[in-house]
Each structure stands twice: as C-alpha cells, then as structure tokens.
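Since we're looking at a predicted model, the values are computed, not measured. Every chain is numbered from 1 and lettered A, B, ... according to where its sequence line falls, protein lines coming before strand lines.
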Amino acid sequence: MPVVSVVVPSVLRPLVQDAGSVRVELPGQGTVTVGQVLGSLAGSHPLLGRRLRDETGALRRHVNVYLGPDEVRRLQGLDTPVPDGAELLIIQSVAGG
Amino acid sequence: MPSTDSRTTLPPLVEPAAELTREELERYSRHVIIPEIGSEGQRRLKNARVLVIGAGGLGAPALLYLAAAGVGTLGVVDDDVVELSNLQRQVIHTVDRVGLPKAESAALAVADLNPLVTVVQHRIRLDNSNAVELFSQYDLILDGTDNFETRYLVNDAAAIAGKPYVWGSIFRFDGQVSVFWEKHGPTYRDLYPEAPPAGSVPSCGEGGVFGMLCAAVGSLMVSEAIKLVTGVGRSLLGRVALFDALGGSWREINVLKDPEAQPITELSDYAAFCGVLPQEETTAEPEAADDTVTAGQLATMLAARDAGLRDFVLVDVRETGERDIVAIPGSVLIPQGRILAGEAWDELPREREIVFHCKGGTRSANVLAAARREGYTKVSHLEGGVMAWVRDVEPEKPVY
C-alpha cells in the first residue's frame, strides 16, 4: 500500500485537527497520482478537500501543491505520479506582514 | 565581485559611490572585510535607494538591518500609527512612540541607529495613483504589506516600473520569502495567480503571528536586498524560501515564469481582483439601518433575551484566539472563513433572528452580505464590533 505524507500549512491546519502533516495510505500497489492522494485526503478530511479543489476537481488557483521543489502544475498536474513514501507539500497564499 | 554560482546571479543593481569616509570604513568594517562585499559593495549600498512598504512586522526588522548595513536612502511607506499591540514584534517602534505615525517612528529609530542613512517618509496608502511613480524613485522595493490587494498592486507596479522587489509574507508560524523581477524571472502572479477568496484566510490581526517569525523572514528579505544591490550570491529569484518556525525547518520550492502569462502593462482594480467589497457596501449606510445594531441596543436585546422576552442568536465570526482575549457574553463562535466557505449554514437557523459580530464590523458585514445572498432575512450585525461593545458596555474588558 503506497503511503504519502501531505504537509499542511498552518493556515489550513484547523481543518485537519491542527496536524502539521497527514499520512495518506492508498489501496493497491504501485504508483499513485497527486489526484488520487488528494482524493483520499478529501475523503478523510472533506473540508480540506473543498479548500484545495473546486467542484470540478481542479486545484484552486490560490493553492499550490509541490512534489519535492516542483509545483505539480508544472509537472503533470493531478496526473503527476507520486512515489511511495514521498511527501506532498501544500502551500497557500497568505498576505501577513 | 562575481559569484561562483551563475544560475541566478544578477548584475549589481546600483553603481558604487565614489568613496567611503573614515567613519564609514570603521562603521561598516565587518562587511568591508568580507571579500564578496568589500569596499565596492559597501559603496554600492551607500548609493542605494530602497523602498520599504509597511513599517510593520516585516518592515520593522527589515528597516533596522537595511539601516545598519548602510543603505544610503530608505523610503518608508506607511499611513498607520504605532499601537501597543504592535510592540510584540515590530521592534523598530517603542512605548514612547505609541500614537506616532509609523513612518516617523521608523525614521527616529533609524536616525538613532545610523545617522548616515537618509530616511524619506511616505505617510500615504499605496494605491494605483502613486505606486508606479513612487517605485520609479527607488532601486529596489521590499514588500512587507499585510493584505492581498496591496501585494498584487506592489507586484504590478514593480513590473511596470521595471524594478525588482523582495517579497515576504507571514502567518502564525509560517513565512515565505522570494524575489520577483519581471525583467529577469517570475513574478508574484506566477506563484499565486489568484488571491484566496476574501475572508477565507485570516489576517495577522485576526489569526495572530509569532513575533520572532518577523525577524527571521524580515532579515532574510534584507539579505536578498543586499545581495541584489551588490550583485553577490544566488538570488531567491525563481525560488521561494519557506520557514516553518514551529517545525524549526526551512524548505525551498521553485517558481517558474508562466509561459502563457501576459506581460504586466497596467494596474488593475485590486479590490475587485481580491473579491473585496467596496467600502460603502461593507459599512452600515443609513438606508441599511435595519442591518445594524449598536452596542447599546445589543445590550438591551441580550437583557430581553435573558428575561425570556426575545429570541435571537448572537454569532461571533472572529477566530478562536481573538475570543480568548475578549468576548460578548451569550455569543457563539463560528469563524467567518467557515461561513464564507459555505461550511456553516446548517449551524445558523434561518427561522431565528441572527446578529453577527466581529472585532470592528468589517468581517461581520461580509458575513451579513453572504447570509443575505443565501436567503437569510432576519439578520443584522453589530456596528463597530466587540471593540464598540467594550467601549460602550463593558469598558473594563480588554481591547486588542
């Protein structure tokens, strides 16, 4: 079962019981995609899911998801393969100064 | 002096001044003896004109370090005054300067630290009418503002003026820093093409900020500024440094220029872009008097409710931490972000009268408008929020 950890920024942590990261286990074998990880995350944390993706399932434009240092939109979007054990980093725009 | 890493090395932004005085050599000696800075780098700093937007959480440490480093001219844009609640993190201000304009307080602090620096106070609110012209007078801009509208304005005005800018942003324990320069790399719009929906992300005033985070992020912003002025090192242009103060860790992510993005050629309506209601729609106008209650009226309503003579729900739309400082007895908490995201309508009975309140009346006005759009009819909000309540009803309670 592939396992991916999703790192959540503090602005979204209230939606995941204040956890800094969420471990997502996916059924089956082999490679999973960013979309599958976020889908599973939305299943366990529906409010977070709605903040990350719109009604059509597309990533919201003010939310960025990174695999390593790269934003997944610049890779293969939600189809980007995520290796077992990898970390997905969610970044949300904040404006505090 | 050339850097060994050419990937993001940029030419020095500023030509060197003719010479350093004896006093300057002594004052800046710890920089001058670093080979990468040297006398030439220090003379570039002496000639540099750097504009800092916001003398707040990020601007405060940034201005102190820029002044200490010997940047010749510092512009300070801020139209606010120093408040007691600033002093937890805005280390450039002091108790005896509470009530003074922040730009003036910053100028006094810089003069104390380094009288060789010229400070230009811009006690204005940055807007479409002044941003490009102001930026044109400086070599480099530091963006430490506190709202999305101004951040997109800074980005676009810097692009139009052809200037690089160092961007830093903070919330609670998280900080983000980058350099944007349309001429040579990505801009803020490549990182975040859109602002989050208005009200979905609390500001530092609503959600709080870890004071020391300001120093970490503000000083990194100055590091980038000094590197740009002197042309040393590898710029954060094209990368964002992320600091998690709670985890004690830094990360780095890449930002690429969006190949399909249109060049920025004009300023736009940033309030509309960020989904912020125009002021006249968020404040109570006389014709909307039914929509608002005063603190005194609310006190009467609550007394009637306690006596069983009236039924309504008082909903506090602030954040949990704000409520820990001061709350109106008999209110229930549902933060505005949950309501505006549509997550809380089930908790708000349509058949009962509802009064919303926040700290000062802006958030509750937004929630009121959203409730009306959702079909609620018996809704109103507290004019002036809990601050008006404390002023008029329970003056012994704390403000923030």
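Chosen from G144(B), G54(B), P193(B), the residue pairing most often with chain A at heavy-atom distances under 4.5 Å is P193(B). With chain A as partner, the option from Q176(B), R251(B), R172(B) having the largest number of non-hydrogen pairs under 4.5 angstrom is R251(B). Listed options V201(B), D244(B), D174(B) were ranked by heavy-atom pairs under 4.5 angstrom with chain A; first place goes to D174(B). Your options are D70(A), I91(A), V63(A), and the one with the most heavy-atom pairs under 4.5 Å with chain B is I91(A). With chain A as partner, the option from T145(B), D146(B), T320(B), I253(B) having the largest number of non-hydrogen pairs under 4.5 angstrom is I253(B). For chain A, the option among G175(B), G205(B), P197(B) with the highest count of heavy-atom pairs below 4.5 Å is P197(B). Across V209(B), V255(B), L191(B), L246(B), the residue that shares the most heavy-atom pairs under 4.5 angstrom with chain A is L191(B).
If you measure heavy-atom distances from D258(B) to chain A, the contacts under 4.5 Å come from both the backbone and the side chain. Heavy atoms closer than 4.5 Å to chain A are found nowhere in S203(B), neither backbone nor side chain. Contacts of L242(B) with chain A are made by side-chain atoms alone, with heavy-atom separations under 4.5 Å and no backbone atom involved. At a 4.5 Å heavy-atom cutoff, the contact between L89(A) and chain B is made by side-chain atoms alone. For chain B, the nearby part of R50(A) is the side chain; its heavy atoms alone come within less than 4.5 Å. When heavy atoms are compared at a cutoff of 4.5 Å, R60(A) does not approach chain B at all. Contacts of A341(B) with chain A are made by side-chain atoms alone, with heavy-atom separations under 4.5 Å and no backbone atom involved.
With salt bridges taken as basic N to acidic carboxylate O contacts below 4.0 Å, one links R23(A) and E25(A). Under 4.0 Å is where a charged nitrogen must lie from a carboxylate oxygen, and between R338(B) and E319(B) no such pair does. Salt-bridge check for R125(B) with D78(B): failed, with every basic side-chain N at 4.0 Å or more from each acidic carboxylate O. A salt bridge links D316(B) with R323(B): the distance from a Lys NZ or Arg NE/NH1/NH2 to an Asp or Glu carboxylate oxygen falls below 4.0 Å.
Side-chain contact check for D156(B) and Y270(B): at least one donor-acceptor pair (N or O, by modelled atom type) lies under 3.5 Å.
Residues F243(B) and I170(B) form no side-chain contact, since every pair of their non-hydrogen atoms from C-beta on lies 4.5 Å or further apart. With contacts defined as side-chain heavy-atom distances shorter than 4.5 Å, the pair P335(B)/R318(B) does not qualify.
Rounding to the nearest 0.5 Å places CZ of R73(A) at 8.5 Å from OH of Y66(A). We find the CD-CD1 distance between E374(B) and I339(B) to be 11.0 Å, quoted to the nearest 0.5 Å.
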